[in-house]
Amino acid sequence: MCNQHRRQFLGRLATRGLLLTPLAAALSGCTDDKWPEGMKSIIWDRDTCVRCNMAISDRRFAAELRGGPKDTVFKFDDPGCLVFWLEEKRERFPWMDDASTRLWVADYNSKSRDEMVWHDPRQVRYVTRTSPMGYNYAAASEAGTDSLSYDEMRQQTLAKGK
């Protein structure tokens, strides 16, 4: 009798599991609309910078690159790491220069991790702020007259070295 109850229980469990499978599949397809289209979400304090291996914790300096034939994603904890990665890996990943490659950098003035503003790093201005890796630049849509273009920030970052 005990085996019969066990088989019935397992049968009911399996049936319920099959009924929940479509629901689980539907929910996994839900998108988190706080991320720009095409950007892979950053798991704060768990994802690490591809260049320096630090956990991406300070939302104000995060960056991401996505592209290539395999739609590869690279995440960064500092805009300076993004600049150096692009410079150091250009030969290995020639697709990084393609127009279809997408890049994002966090706006320093984003209110919270749930209310992030993301920019194309080549189209935003940079202000001097203490950053995780000490490159000390942050993207800011509302930047003053002392702000730098991407090319100026890139040149100064590369000249600083690291």
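Residue numbers count from 1 along this sequence. Keep in mind the model is a prediction, meaning the values are calculated, not measured.
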Contacts of Phe84 meeting ring pair (Phe, Tyr, Trp, His ring centres under 6.0 Å) (sequence neighbours excluded), chain-then-number -> Tyr135
What are the two closest non-hydrogen atoms of Arg154 and Glu87, and how far apart are they?
-> NH2-OE1, 2.6 Å
Rounded distance (nearest 0.5 Å) linking atom CG of Asn136 with atom CD of Gln156 = 11.5 Å
From the list Val83, Leu103, Val105, side chain to side chain contact (heavy atoms under 4.5 Å, CB included) with Tyr150 holds only for Val83
Sequence neighbours left out, what passes ring pair (Phe, Tyr, Trp, His ring centres under 6.0 Å) with Tyr126? Give chain and number order.
-> none
CE/Met153 to CG/Leu148 distance, rounded to the nearest 0.5 angstrom?
-> 8.5 Å
Locate the shortest heavy-atom distance separating Gly38 from Arg102; write the atom from each residue and the value.
-> CA-NH2, 3.1 Å
CD (Glu88) with more than 12 external heavy atoms under 6.0 Å = yes
Quick one: are Asp71 and Arg66 in side-chain contact, heavy atoms under 4.5 Å?
-> yes
Would you check if Val117 and His119 make a side-chain contact, meaning some heavy-atom pair closer than 4.5 Å?
-> yes
Are Phe93 and Leu86 joined in one hydrophobic group, where the rule is that I, L, V, M, F, W and Y side chains link up if heavy atoms are under 4.5 Å apart?
-> yes
Looking at Asp45 and Arg113, does any basic side-chain N land under 4.0 Å from a carboxylate oxygen?
-> yes
Determine whether Leu158 and Val50 fall in the same hydrophobic cluster, where Ile, Leu, Val, Met, Phe, Trp and Tyr are linked whenever their side-chain heavy atoms lie under 4.5 Å apart.
-> yes
Nearest-0.5 Å distance that lies between atom CH2 in Trp95 and atom CZ in Arg90 = 11.5 Å
Can you name the closest pair of heavy atoms from Ser110 and Glu115 and give their distance?
-> CB-O, 3.8 Å
Closest non-hydrogen atom pair, Asp78 against Ser131 = OD2-OG, 2.5 Å
Shared hydrophobic cluster, Phe76 / Ile42 (ILVMFWY, side-chain heavy atoms < 4.5 Å) | no
Passes side chain to side chain contact (heavy atoms under 4.5 Å, CB included), Ser149 versus Arg125? Steps please.
-> CA-CA 5 Å; Ser149 69; Arg125 305 289 295 179; 3.5 Å; yes
When hydrophobic residues are tied together by side-chain contacts of less than 4.5 Å, even through go-betweens, does Trp35 share a cluster with Ile56?
-> yes
Main-chain N/O of Arg122 paired to Asp120 side chain as donor or acceptor, under 3.5 Å = yes
Steps toward side chain to side chain contact (heavy atoms under 4.5 Å, CB included) verdict (Lys162, Met133) = CA-CA 9 Å; Lys162 279 193 193 179; Met133 289 304 296; 5.6 Å; no
Distance in Å, Met116 CE paired with Arg60 CZ, rounded so as to fall on 0.5 Å steps = 10.0 Å
Could you label the plane-to-plane angle of the Phe74 and Trp85 rings as parallel, tilted or perpendicular, counting under 30° as parallel and over 60° as perpendicular?
-> tilted
Return the minimal non-hydrogen interatomic distance between Phe61 and Thr130, and the atom names on each side.
-> CZ-O, 3.1 Å
Do you reckon Tyr137 sits in the same ILVMFWY cluster as Trp104, going by side-chain contacts under 4.5 Å, direct or chained?
-> no
How far apart are the closest heavy atoms of Leu65 and Met96, and which atoms are they?
-> CD1-SD, 3.9 Å
Check the surroundings of atom NZ in Lys40: do more than 12 heavy atoms from other residues, nucleotides or ligands lie under 6.0 Å from it?
-> no
